[in-house]
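In what follows, every chain begins at residue 1, and chains take the letters A, B, ... in the order their sequences are listed.
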Amino acid sequence: MPEPGGRATASPLMGGSAEPTLRDLSSPGRQAWSFPPLDVPDGDIEIPELAPGPPALPEVAERDLVAHYTRLAHRNFAVDLGAYPLGSCTMKYNPKVCDWAAEHPAFRNLHPSQPAHTTQGALEVLMEAEEILCRLTGMARATFQPPAGAAGELTGLLIMCAYHRSRGRKPGTILIPDSAHGTNPASVTLAGYSVAQLPSDERGMVDLDALRTAVDDDVAGLMLTNPNTLGLFEEDIVEMARIVHEVDGLVYYDGANLNAILGVARPGDMGFDIVHSNLHKTFATPHGGGGPGAGPVAVVDRLVEFLPGPLPVRDGDRLRWEMPASTIGRVHGNHGNFLVVLRALAYMRALGGPGLRRVAERSVLNARYLESLVSEAYEIPYPAPCMHEFVASAAALKRQTGVRAMDVAKALLDRGIHAPTVYFPLVVEEALMVEPTETESLETVEAIAEALLAIAGEAAVDPEHVQRAPHNTPVSRPDDALAARQPVLTWDMERGGGR
Amino acid sequence: MPEPGGRATASPLMGGSAEPTLRDLSSPGRQAWSFPPLDVPDGDIEIPELAPGPPALPEVAERDLVAHYTRLAHRNFAVDLGAYPLGSCTMKYNPKVCDWAAEHPAFRNLHPSQPAHTTQGALEVLMEAEEILCRLTGMARATFQPPAGAAGELTGLLIMCAYHRSRGRKPGTILIPDSAHGTNPASVTLAGYSVAQLPSDERGMVDLDALRTAVDDDVAGLMLTNPNTLGLFEEDIVEMARIVHEVDGLVYYDGANLNAILGVARPGDMGFDIVHSNLHKTFATPHGGGGPGAGPVAVVDRLVEFLPGPLPVRDGDRLRWEMPASTIGRVHGNHGNFLVVLRALAYMRALGGPGLRRVAERSVLNARYLESLVSEAYEIPYPAPCMHEFVASAAALKRQTGVRAMDVAKALLDRGIHAPTVYFPLVVEEALMVEPTETESLETVEAIAEALLAIAGEAAVDPEHVQRAPHNTPVSRPDDALAARQPVLTWDMERGGGR
Amino acid sequence: MDFTPHTDADVHAMLTRLGLAEPNDLFAHLPAEVRVSGDLGLPEPLSELELMRHIDDLGARNTPGLICFAGGGIYDHYLPPVVRALTLRPEFVTSYTPYQAEVSQGVLQALFEYQSMIAAITGLPVANASLYDGASAGLEAVNLAVGHTGRKGVWISRGLHPHTREIITTFARARELQIVEHPMVGGRTAWAPDAGPEPAAVVFSQPNHLGVIEDYDAAVTLAHGAGALAIAEVDPMLLGIIRSPGAAGCDIAFAEGQPLGNPMSFGGPVLGLFTTTMELLRRLPGRLVGQTFDREGRPAYTLTLRTREQDIRREKASSNICTNQTLNAIAAAVHLAWLGPNGLVEVGRQSMQKARYLAHRVTEIRGVKLAVEAPFGREFPLLLPLDPDDAVAAMADRGFLAGVPLSGDYPELPGGLLVAVTEKRTRHQLDSYAEALEKVVSDA
Amino acid sequence: MDFTPHTDADVHAMLTRLGLAEPNDLFAHLPAEVRVSGDLGLPEPLSELELMRHIDDLGARNTPGLICFAGGGIYDHYLPPVVRALTLRPEFVTSYTPYQAEVSQGVLQALFEYQSMIAAITGLPVANASLYDGASAGLEAVNLAVGHTGRKGVWISRGLHPHTREIITTFARARELQIVEHPMVGGRTAWAPDAGPEPAAVVFSQPNHLGVIEDYDAAVTLAHGAGALAIAEVDPMLLGIIRSPGAAGCDIAFAEGQPLGNPMSFGGPVLGLFTTTMELLRRLPGRLVGQTFDREGRPAYTLTLRTREQDIRREKASSNICTNQTLNAIAAAVHLAWLGPNGLVEVGRQSMQKARYLAHRVTEIRGVKLAVEAPFGREFPLLLPLDPDDAVAAMADRGFLAGVPLSGDYPELPGGLLVAVTEKRTRHQLDSYAEALEKVVSDA
Ligand SMILES: Cc1ncc(COP(=O)(O)O)c(C=O)c1O
Ligand SMILES: Cc1ncc(COP(=O)(O)O)c(C=O)c1O
């Protein structure tokens with residue numbers, strides 16, 4: 001019965017009914033909690049603004065709580081179950097030893113306001129991670145306060161703003177390629193800048209002439225990811241940076257795609273001034289169903305004074321907190337997602353220099369190999385060699401069979417493999433953005449390709465079946481229109497109702 | 001959409017293919033392991049009996065290892081997923097705080113040969129657990145060496161043997177009711193005794209007259225569980241013990257059913273001399289897919305000298321190990337399944353006296369309630385009020401529809417509920433032995449009943465469908481005959497082959 | 001150690017198919033000037049055991065076992081093992097944002113239930129599926145109010161958590177908002193009705209950063225009178241005892257959610273709670289899960305009202321947030337379900353009673369008094385006769401994390417120390433704390 | 001705290017349906033004389049937090065952090081977090097014996113793979129799905145041999161693990177078997193061909209309890225010449241280095257399996273490995289998983305050859321075992337898969353090299369020497385110039401668990417201390433051990 005090694009599918013267990021909500025499971029008087037009896041004097045609590053009674057929370061026993069969440073977990077796909085080639089998300093395997101690190105009692109029970117002399121180990125974690133990150137990106141110093149990529153972007157933009165203000169300039173325009181991730185323009189607006197969009201050229205890269213035209217004195221900076229969201233390395237990157245620097249603009253690196261170039265190329269060497277990286281992508285910290293992540297921001301020397309603070313600094317053989325001279329101030333209530341940083345540090349130290357470079361090599365190898373297999377049935381709109389991910393198009397498939405990128409994605413779920421990112425980047429019609437990551441084996445990469453080819457084959461024969469996919473999942477396609485038209489956002493809301 | 005609270009079903013995720021074996025996933029040169037480089041002088045290892053080369057183990061990466069076992073876990077039902085009313089097995093909820101205890105570094109890293117002054121906490125765990133167990137059973141002292149119920153039985157029988165030998169008697173016969181669990185007769189044989197079977201009477205209890213007849217000077221003892229495997233409390237228990245004691249026989253309590261009488265009645269008070277209990281049933285330690293368990297054996301005063309050793313004893317405020325005077329010797333290589341005992345102690349201390357008694361009350365309440373609901377469609381062969389479990393019969397159903405107890409069990413799986421024990425005890429035709437346990441809610445108990453009634457209903461309408469159940473599980477009924485006729489017991493075995 | 005499964009043979013076979021000779025060739029098209037040539041000075045790889053030793057060594061450099069009386073948003077509440085065990089299920093931990101609803105019902109339903117319970121405790125109808133932390137949730141609340149009202153004034157209480165104030169200030173500087181701080185008198189905000197630029201929002205903490213319970217009506221009336229949104233930062237662990245912001249008429253409530261289900265973690269990852277009214281729904285930052293049906297009519301959950309979000313709306317999005325704190329939100333939900341209504345009341349009650357006991361004990365110490373005499377929650381401000389940083393250091397030597405010094409953020413309280421008490425503290429610990437503090441004070 | 005979900009209302013409703021007034025009535029039919037009336041003197045219930053404090057307190061009474069050089073079956077090898085994480089999946093932990101194959105494919109396949117890997121490392125074709133521990137596996141092996149041969153003699157090596165010897169003796173006493181012990185000379189068993197009653201089995205440890213590598217052929221030839229089964233107790237962690245019992249012609253091999261995937265756990269739960277030939281298959285004790293097909297022809301796993309087992313065969317069963325050590329077996333399988341062929345070799349090689357290094361270091365100490373000069377595995381017997389119990393106590397004061405005293409089991413080695421070294425020990429630890437031992441010896 002041997003199947004090809006590395007094939008990654010999850011299997012059903014039994015039953016098929018929906019999981020009731022905790023409110024459905026609730027029964028008045030049931031209880032999971034216990035506390036020791038109060039060992040100080042009791043009595044009425046006399047305060048203003050006393051609550052009239054307990055809040056309307058569900059009442060369940062521990063047994064039902066456990067069964068509920070265990071069953072919910074069984075209704076969720078995850079990296080630990082199989083391949084997750086979701087483009088732009090770098091859903092690589094998250095090593096279990098890093099889970100161990102993140103649960104280490106010497107760290108997880110620290111209070112953020114503890115005096116520094118009692119948290120030397122934690123400060124050392126931040127210092128070690130910062131040093132490695134700076135060496136990988138070619139930057140001078142970094143802050144770990146931003147708790148995600150988007151927060152890193154905002155932080156970077158606030159640093160830009162402070163830099164320009166220090167030179168007497170007002171906020172102006174930030175240039176962004178049309179293939180950019182949505183957080184880039186959203187962060188620009190939030191930071192008080194306006195967005196100017198740069199078109200891609202026929203190579204799938206930023207149009208250098210358009211950039212030249214766009215750059216004027218109002219331009220505060222350029223935001224870019226490289227490799228870009230098409231998985232292509234921007235060939236003119238050095239020249240682009242030069243052009244922006246000429247008007248005293250700053251160049252911001254969205255590090256979502258850092259995985260592709262670890263140890264191979266550095267944003268600093270390309271001319272970037274500010275770099276955020278997503279520890280929850282590049283450095284294998286798990287995504288948690290949508291977070292927590294960590295989006296540290298590293299900068300070149302001349303921007304260090306603007307970093308958020310406090311930052312750890314060495315003082316003999318001790319570490320202490322210090323505010324950078326012209327700091328923009330805090331961007332997180334504490335020290336950022338510290339335990340995520342600890343996980344990432346564990347990962348970085350495990351891999352070391354050679355392992356980190358191997359990440360780049362093998363993520364690119366897997367992507368390039370998968371691309372070559374998949375190109376049998378799907379168009380690859382841009383010919384340049386892909387880096388850690390590639391974007392295929394289902395446009396031809398759609399024309400020929402009516403089967404769309406979304407249908408392909410759903411049909412992949414039926415085959416035990418997570419869907420790629422679809423309809424992003426916006427510059428590709430019927431985009432399928434595929435990122436196998438370096439932690440999938442050759443056999444798994446081939447299994448993904450086979451599945452994608454089989455779906456294309458099926459689309460030709462029985463397009464309706466593909467269009468109605470998925471068929472094996474706990475639910476079929478939800479009615480998103482209903483969800484938005486008559487939102488039910490809590491179990492207390494009646495359909496169409498609300499306060 | 002509210003479903004009745006407490007309904008316990010597991011749900012499918014996606015995919016449906018078989019999970020490859022580790023060998024299928026293996027690829028030469030792949031590796032999950034890492035060790036620090038050797039930091040002492042290396043060189044050829046010069047020994048006789050050198051292995052010619054590495055063993056033929058699979059080679060997989062950590063990523064594939066994780067995916068493999070995670071997918072395997074998704075192919076397995078468990079208490080944490082839903083109701084598990086498997087008779088005789090007491091599949092109650094296993095509290096998570098006990099998992100915490102069992103992973104406590106102060107205990108899990110202890111070596112069994114450490115000197116006692118370095119393991120005082122561990123000895124105290126054994127002492128505390130022993131004390132509670134003795135109070136619950138009415139015994140004098142207990143050993144935690146037996147790692148399961150059957151090992152407890154063997155231990156008890158070896159104690160019997162030593163007792164009788166000390167009084168100049170040779171091994172003889174042990175009386176066992178015909179409803180006894182299979183481990184009882186098997187243990188008797190292993191201990192060098194022969195088995196004499198006692199018939200049940202029309203009440204489903206031991207036939208007292210038959211017992212009187214069977215008892216003679218060759219009888220070394222009686223083995224019994226009470227409530228018995230029909231879930232009925234042996235009404236004549238005191239008289240039975242008296243009869244056996246009259247010939248200097250000993251009375252052994254198989255504690256698999258202790259759950260029903262915790263804090264309500266004690267084997268010691270019924271006249272038993274030796275009691276094993278299954279911590280993996282009564283004291284909520286999880287069953288681990290088939291183990292580990294723990295089967296401590298407690299005895300009355302006059303048998304303490306025969307207990308296996310060493311036993312912890314108090315010596316001022318210290319504890320030390322001591323061999324009982326006429327010990328039968330060791331029955332385990334170390335101190336038994338210590339971490340299982342630690343779990344059980346945590347459970348006992350959490351519940352305390354009132355909670356332990358509530359276990360009995362509510363396990364009986366759930367069983368009696370479920371029995372009353374189920375009796376609408378299934379025969380209850382014996383009328384006495386059941387204790388923590390009951391045995392129903394599908395004999396009438398089989399006559400009417402052809403649907404057997406096994407089919408009912410399988411059809412229950414389709415409804416997200418684990419099957420009851422079937423065809424045991426042997427004294428009931430088409431037996432369905434149902435034990436809801438005290439940790440299932442009223443709603444879950446009702447859901448079990450509904451499912452059983454629905455199956456009976458379906459059997460009347462579409463018996464084939466029930467006979468082909470289960471339909472929703474990762475596999476349908478395996479071909480057991482093939483498995484036994486041409487055993488394939490390792491991935492190296494060809495069908496029908498082997499050395 | 002690395003985590004790529006490739007054997008040398010695999011790499012060779014794959015490269016061959018691609019017509020390449022060696023891994024380096026994969027990068028041949030990169031401009032030579034940006035390709036790393038030298039050694040980056042990165043550390044050597046470690047085996048797993050060496051790695052664990054290294055993390056242990058780092059951990060050993062933190063002072064172990066301090067008994068925690070620090071708070072200010074992050075609290076040492078009792079965190080049941082069952083909550084961690086369920087939250088850390090790998091299916092939750094290692095999945096992405098639930099864009100593919102069909103295989104993400106677990107996370108989606110867990111978040112829907114989270115939203116439901118956060119709405120229930122705050123008394124507001126809609127909660128998002130988490131923000132980064134309490135402080136950045138404050139920023140989002142202000143951003144919402146600015147967008148909603150079109151105004152640039154932000155009135156904030158001096159009792160608002162200093163980090164929340166700081167992050168709002170950081171943001172306001174870039175956005176050229178005008179922040180007006182309202183002072184505290186007697187421990188509560190003394191709102192000034194004519195405090196300057198028209199406010200988009202009136203922002204305060206309940207209880208405030210000194211632990212004191214604010215007057216909801218004063219803030220809400222002021223806000224609504226001025227056409228502003230009333231925004232309250234609340235303490236989730238006290239919502240069994242203190243009236244909810246929804247009941248008090250607030251438009252937005254946000255909170256540092258750490259005490260719900262999350263260890264202190266040196267302050268992160270934690271999570272920001274955010275709830276508001278239906279009126280403001282379309283401006284809500286962050287993700288929302290809605291209940292709907294699948295094709296077969298079975299209940300199904302899905303991300304909804306996504307047109308607010310950055311990936312759809314780009315520069316016009318209500319926020320830039322993408323990755324949030326989902327796993328921490330699941331932890332919060334599991335913990336809330338563990339607590340239920342009565343557990344939440346109990347944890348608040350015990351914490352507050354113990355805080356009262358300790359406040360009583362320590363104010364018996366000569367020279368130690370409460371900074372303000374006003375009803376507080378489970379946290380109170382002491383005035384010490386010595387520098388609170390010195391007091392904290394001296395108390396640390398005695399095994400206590402004594403509290404959070406207030407003097408940095410409140411120069412008007414030079415001896416200020418904010419002391420938090422949770423239900424986890426035993427009477428014995430409270431007594432020992434008082435004794436230790438007495439010594440520290442008398443030694444000073 | 002208790003874990004019953006019943007509310008008072010539930011209990012009332014259920015009792016009412018049953019026509020009962022109160023919970024006590026459920027037991028009304030029990031003879032009055034056996035019903036508990038008084039107080040049993042059981043402890044009071046604890047809340048979860050109190051319980052955890054209690055367990056912490058008990059744990060604190062063990063001496064923490066001893067660096068382990070004790071072995072004798074239970075070893076301190078490196079146990080990777082991934083092995084624990086996978087083994088402790090609740091679907092494995094909280095399921096019963098996989099009688100319902102359709103919903104137990106996870107446990108069944110995991111056990112099938114366990115059987116396959118145990119067979120692979122022992123070189124014997126069939127392994128059961130675990131026994132309790134190494135010692136009781138020895139008892140089962142003897143029982144099998146007695147049943148197979150119909151003989152009552154059991155020849156055992158004095159080098160067999162003393163606990164295995166003891167448990168076999170306990171059993172033999174009841175079963176009236178005749179045990180003949182064969183002495184050791186120069187650290188190895190000196191088999192005596194005419195040692196008395198016809199043997200059912202010849203039983204030895206490889207390496208033996210002194211750590212010394214035995215001559216397989218001597219034992220196997222003796223056994224087979226006498227018509228007995230050759231039974232070897234092996235050390236699974238050395239099977240990458242030492243020839244397998246199957247290759248050496250043994251009929252049965254058993255082992256203490258703890259080092260595969262299981263923490264030391266104060267000696268339990270651990271697991272017994274048991275492998276044998278196809279010829280003896282029908283006498284195999286314990287569970288077996290076989291591969292077959294389901295109705296749709298898909299591969300499926302199931303418990304098989306069940307007619308050997310107690311629940312079917314009752315008093316004629318090959319063993320009484322029912323609950324075994326499944327979870328520990330799964331741990332062993334995960335660990336073996338983590339190790340793979342080369343990891344198993346590496347762990348053996350490193351352990352043995354480090355053992356050699358330490359043996360060399362400590363025998364430089366004046367008065368300390370090896371009890372026997374023969375090639376050993378990763379464990380060796382020292383002769384000390386003081387009582388080994390005293391040495392162990394003195395070494396414990398210095399932070400070392402120095403080894404297992406041999407003097408109790410081997411009075412002929414009054415200063416004997418069995419020292420085990422695993423790959424986890426660093427050179428620094430080995431050097432410190434030697435220094436500490438030197439002090440202990442010179443202080444004596
Ligand atoms: C290219 C790119 N930029 C930015 C982000 C935003 O990162 P985060 O989700 O951590 O906020 C992402 C990921 O979602 C991304 O793929
Ligand atoms: C009545 C009865 N006796 C004995 C046993 C044997 O216990 P164990 O499986 O722990 O060996 C069991 C459980 O299987 C049982 O139900």
Identify which part of [X] has an atom lying under 4.5 Å from any heavy atom of chain B, answering side chain, backbone, both or neither.
| X | answer |
| --- | --- |
| A/Pro470 | neither |
| A/Lys96 | both |
| A/Ser27 | side chain |
| A/Val475 | neither |

Open item on the list: Distance check, rounded to the nearest 0.5 Å: B/His74 atom NE2 versus A/Asn76 atom CG?
Closed with: 9.0 Å

Task: Distance in Å, A/Asp64 CG paired with B/Tyr93 OH, rounded so as to fall on 0.5 Å steps - done: 10.0 Å

Open item on the list: Tell me which of these, A/Leu22, A/Val79, A/Val60, A/Thr21, has more heavy-atom pairs under 4.5 Å with chain B than the rest.
Closed with: A/Val79

Task: For chain B, the option from A/Glu62, A/His471, A/His68, A/Lys92 that forms the most heavy-atom pairs under 4.5 Å - done: A/Glu62

- [ ] Would you check if A/Arg63 and B/Thr444 make a side-chain contact, meaning some heavy-atom pair closer than 4.5 Å?
- [x] no

Open item on the list: On a heavy-atom basis, which atom in A/Arg71 and which in B/Gly82 lie closest, and how many Å separate them?
Closed with: NH1-CA, 4.2 Å

